[in-house]
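Position 1 is the first residue of the sequence, and the numbers go up from there.
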Amino acid sequence: MEKTTGQQAETSSPRTEEMRVQGGDEYAEDSSDEEDVRNTVGNVPLEWYDDFPHVGYDLDGKRIYKPIRTRDELDQFLDKMDDPDYWRTVQDRMTGRDVRLTDEQVALVQRLQRGQFGDVSFDPYEPAVDFFSGDLMIHPVTNRPADKRSFIPSLVEKEKVSRLVHAIKMGWIQPRRPRDPTPTFYDLWAQEDPNAVLGRHKMHVPAPKLALPGHAESYNPPPEYLPSEEERLAWEQQEPAERKLNFLPRKFPSLRAVPAYGRFIQERFERCLDLYLCPRQRKMRVNVDPEDLIPKLPRPRDLQPFPTCQALVYRGHGDLVRCLSVSPGGQWLASGSDDGSVRLWEVATARCMRTVPVGGVVRSVAWNPHPTICLVAVAVEDAVLLLNPALGDRLVVGSTDQLLSGFTPPAEPALQPAHWLEASEEERQEGLRLRIRHGKPVTQVTWHGRGDYMAVVLAAPGHTQVLIHQLSRRRSQSPFRRSHGQVQRVAFHPVRPFLLVASQRSVRLYHLLRQELTKKLMPNCKWVSSLAVHPAGDNVICGSYDSKLVWFDLDLSTRPYRVLRHHKKALRAVAFHPQYPLFASGSDDGSVIVCHGMVYNDLLQNPLLVPVKVLRGHVLTRDLGVLDVAFHPTQPWVFSSGADGTIRLFT
């Protein structure tokens with residue numbers, strides 16, 4: 001190979017030098033059978049060079065690079081507008097350069113596109129040359145003697161014939177019967193039922209018959225069918241479509257005195273229109289068992305335990321009870337009312353242990369979920385009050401006071417959206433420990449599961465509608481930079497660092513560590529009123545003022561998994577049970593509906609939602625019913641507060 005390569009180099013180098021000397025015209029010695037001197041790649045598929053910058057090699061073994069094509073569609077469009085020969089310019093795949101077609105090449109392409117021959121001088125319709133004359137000749141054209149096989153019987157054909165004869169004898173092949181030349185006729189409607197009208201039309205529906213004439217159409221009707229003068233005037237003033245009868249009954253002495261009917265032709269014409277314009281079709285009735293249409297749901301008896309009856313009524317508030325909260329151990333209950341007080345109850349006996357006057361309408365009450373902290377957060381006007389109810393274990397009460405008193409303020413207090421104020425001695429006697437001022441009305445307060453953070457919703461426009469407070473460091477921060485509508489409710493995720501914010505038309509899920517929006521749930525409601533998160537964290541329910549309860553499966557979709565419309569009026573509160581597969585909703589119709597909501601560990605199995613009980617007991621006051629619901633932390637009990645000033649326990 002080295003020897004051959006050397007010889008090729010010796011033979012090719014003089015030509016190369018000669019080309020360099022000539023310089024100007026590299027096609028001076030071009031022969032007609034060479035395609036292109038610039039590209040000597042040979043008859044090689046050009047797909048091999050798709051991923052390379054070159055397209056072949058020249059006679060010196062150097063790469064022939066593809067022309068640089070940096071023109072975009074705008075440059076091509078400008079070339080198309082400026083260059084009058086753009087339409088006849090094509091790209092040569094061998095060299096990658098643009099070639100302008102000559103007039104002869106364009107004419108050749110146009111002829112090929114029209115399906116004509118490439119050669120202009122070729123005439124496809126020239127007269128055919130008659131190679132053999134039409135006259136009968138004595139001798140054949142080729143005076144070749146006939147083959148011997150043309151007059152000797154073929155042995156192969158003899159074998160085929162013998163096989164066919166044997167098959168006919170054995171009956172394997174039936175000879176064709178001679179056809180009967182006489183035409184055959186058959187009855188087209190022989191299979192038709194002679195009694196059926198138009199039986200060949202499978203879906204024929206006979207036309208409805210005209211109603212037979214009644215007493216009012218008689219020429220001598222009974223006197224009760226004859227209209228009075230008032231009825232006649234009323235009939236004439238009515239629209240033709242509103243009249244019961246399209247004629248007025250009249251009385252004649254005999255049938256000979258009856259005149260010709262004036263609307264006879266018009267009625268016949270309308271009857272004909274009804275017959276051929278009215279579509280008639282046969283409705284196939286499906287025999288379905290009504291029991292099969294009802295979804296197969298388990299019996300409520302199999303889904304126990306759940307609250308079924310009213311056990312206790314907590315009386316004492318003088319106005320409607322807006323909110324309530326249960327202690328983590330389930331022994332105490334806190335309630336807030338419009339009478340300006342917070343009452344602390346013993347759950348088992350319905351006894352009011354303490355009454356704390358707060359001097360305003362209590363919008364929200366939240367008991368700290370941590371078992372070693374005895375604190376109740378109360379939203380009153382523009383402040384959040386932190387109360388130590390001093391109930392239960394004295395060690396827990398004392399450690400809570402030590403935790404709050406052990407705070408040392410920083411040397412340089414930072415600028416915060418809220419002010420933390422210590423309670424005075426008189427207020428400490430009432431149980432008040434801290435007061436957080438916001439400057440705007442507070443509508444909701446809720447705790448994080450660990451008990452150190454709480455979220456507050458303010459009734460004000462702007463991005464400061466939601467604030468997060470840290471109890472141990474007494475810090476407040478606004479997590480959002482801009483507003484997405486009026487915030488209704490917020491809730492912390494029980495497991496992950498998520499914050500759920502419900503506005504009027506949507507529920508947004510924010511990741512607090514990454515500080516980004518994770519999901520946006522669309523409940524398809526007019527106005528979201530309440531929000532609750534499942535203890536496992538994968539499901540969310542929200543109630544709305546248009547009497548809908550919407551269940552979201554966060555792993556499934558941002559659209560509702562199920563929409564429940566059991567209530568007749570607006571929903572005010574929804575709640576999940578911390579341990580049992582139960583959730584409840586309270587409405588302005590005065591009822592609490594308890595539903596069984598089983599969430600399975602198997603991700604392929606959808607949640608099972610079954611309404612099990614409707615609990616009633618609250619009296620409607622000022623068109624308001626149940627304002628808040630809450631479950632007992634360990635027992636299958638549900639508390640409800642109503643506009644009638646009572647709290648009811650259903651067990």
Practice item. In sequence, state the C-alpha distance, the side-chain angles, and the governing distance for S591 and K568, and then conclude on side-chain hydrogen bond (donor to acceptor under 3.5 Å, both in side chains). Key: CA-CA 10 Å; S591 65; K568 298 293 186 293; over 6 Å; no
Practice item. Give the C-alpha distance, both sets of side-chain angles, the deciding distance and a yes or no for side-chain hydrogen bond (donor to acceptor under 3.5 Å, both in side chains) between D546 and S544. Key: CA-CA 5 Å; D546 52 352; S544 67; 2.2 Å; yes
Practice item. Could you walk me through whether L564 and K548 pass side chain to side chain contact (heavy atoms under 4.5 Å, CB included), step by step? Key: CA-CA 6 Å; L564 306 178; K548 292 180 186 176; over 6 Å; no
Exercise for review: Show the numbers, then the answer: is there a side chain to side chain contact (heavy atoms under 4.5 Å, CB included) between L509 and L521?
Suggested key: CA-CA 8 Å; L509 187 67; L521 309 178; 5.8 Å; no
Exercise for review: Starting from the C-alpha separation in whole Å, work towards a yes-or-no answer on side chain to side chain contact (heavy atoms under 4.5 Å, CB included) for L582 and V594.
Suggested key: CA-CA 7 Å; L582 297 173; V594 180; 4.3 Å; yes
Point to revise | Worked check of side chain to side chain contact (heavy atoms under 4.5 Å, CB included) between V258 and L255 | key: CA-CA 6 Å; V258 177; L255 194 58; 4.2 Å; yes
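Of all non-hydrogen atoms in V445 and A366, the two that sit nearest each other are O-CB, 3.6 Å. Between F247 and A216 the shortest heavy-atom distance is CE1-O, 3.5 Å. For H438 against L467, the heavy-atom pair with the smallest separation is CD2-CD1, 3.6 Å. Contact detail for S341 and V362: the closest heavy-atom pair is O-CG2, 3.8 Å. For the residue pair V326 and A630, the shortest heavy atom distance occurs at CG2-CB, 4.3 Å. Residues N246 and E267 share a closest heavy-atom pair of ND2-OE2, 3.5 Å.
If you take CZ on R489 and OG1 on T446, they are separated by 8.5 Å, rounding to the nearest 0.5 Å. To the nearest 0.5 angstrom, S587 atom OG is 7.5 Å from I593 atom CD1. Interatomic distance, CG of L554 versus OH of Y561, reported as 14.0 Å (0.5 Å rounding). Distance CZ/R322 to OG/S364: 11.5 Å, rounded to 0.5 Å. Once rounded to the nearest 0.5 Å, the distance linking CD1 of I541 with CG of L531 reads 8.5 Å. A distance of 9.5 Å separates CG in L627 from CG in L324, rounded to the nearest 0.5 Å.
Counting non-hydrogen atoms of neighbouring residues, nucleotides and ligands closer than 6.0 angstrom, the CD atom of Q515 reaches no more than 12 such neighbours. Within a 6.0 Å radius of CG in D289, other residues, nucleotides and ligands contribute more than 12 heavy atoms. For CZ of R562, the number of neighbouring non-hydrogen atoms (other residues, nucleotides, ligands) closer than 6.0 Å is greater than 12. For R256, the CZ atom sits in a loose shell: 12 or fewer heavy atoms of surrounding residues, nucleotides or ligands are nearer than 6.0 Å. No more than 12 heavy atoms of other residues, nucleotides or ligands lie within 6.0 Å of CZ in F269, so this atom counts as exposed by the packing criterion. Other residues, nucleotides and ligands place no more than 12 heavy atoms under 6.0 Å from the CZ atom of F264. Counting non-hydrogen atoms of other residues, nucleotides and ligands closer than 6.0 Å to CG of N601 gives a total of 12 or fewer. By the neighbour-count criterion of 12 heavy atoms within 6.0 Å, atom CZ of R496 is sparsely surrounded, having that number or fewer from other residues, nucleotides or ligands.
By the 4.5 Å heavy-atom criterion applied to side chains, V592 and V614 are not counted as neighbours. A 4.5 Å side-chain heavy-atom check between R505 and N524 finds every atom pair outside the cut-off. Considering only heavy atoms from C-beta on, F498 comes within 4.5 Å of T518 through its side chain. At least one side-chain heavy atom of S483 sits less than 4.5 Å from a side-chain heavy atom of Q465. Looking at heavy atoms from C-beta onward, V528 lies in side-chain contact with P523 at the 4.5 angstrom threshold. Between L500 and V490 there is no side-chain heavy-atom pair separated by less than 4.5 Å. Side-chain contact between V610 and L608: present, with at least one pair of heavy atoms (C-beta onward) separated by less than 4.5 Å. V550 places a side-chain heavy atom less than 4.5 Å from the side chain of C542.
No donor-acceptor pair closer than 3.5 Å links the side chain of H566 to the backbone N or O of S547. Distance alone, capped at 3.5 Å, places no donor-acceptor pair between the R648 side chain and the L312 backbone. Formation of a donor-acceptor pair under 3.5 Å by the Q237 side chain with backbone atoms of A234 is not found in this model. S640 places no side-chain N or O within donor-acceptor distance of the main-chain N or O of V626, the cut-off being under 3.5 Å. Between the side chain of H567 and the main chain of K569, no donor-acceptor pair closer than 3.5 Å is present. A donor-acceptor pair is defined here as one N or O able to donate and one able to accept, closer than 3.5 Å; no such pair exists between the side chain of H632 and the backbone of V638. Side chain of E236 to backbone of L233: no donor-acceptor contact under 3.5 angstrom is found. Between the side chain of D339 and the main chain of G318, a donor-acceptor pair closer than 3.5 Å is present.
When the options H618, H317, R622 are evaluated for a side chain to side chain donor-acceptor pair (under 3.5 Å) with D644, the one that passes is H618.
The side-chain tip of R243 points at the ring of W235 from less than 6.0 angstrom away and within 45° of straight on.
Ionic pairing of R572 and D588 is present here: one or more N-O contacts between side-chain nitrogen and carboxylate oxygen are shorter than 4.0 angstrom. Note on D302 versus R299: salt bridge recorded, some NZ/NE/NH1/NH2 to OD/OE distance being below 4.0 Å.
S506 and R508 share a side-chain donor-acceptor pair at under 3.5 Å. Side-chain atoms of T464 and K440 form a donor-acceptor pair, as typed in the model, at a separation below 3.5 Å. A donor-acceptor contact closer than 3.5 angstrom is absent between the side chains of Q488 and S529.
Classified by interplanar angle (parallel below 30°, tilted 30° to 60°, perpendicular above 60°), the ring pair Y314/W345 is perpendicular.
In this structure, F583 has its ring center closer than 6.0 angstrom to the ring center of W551. Taking the six-membered ring for Trp and the full ring otherwise, the centers of H534 and F576 sit less than 6.0 Å from each other. Ring centers of F631 and F639: at least 6.0 Å apart, outside the cut-off.
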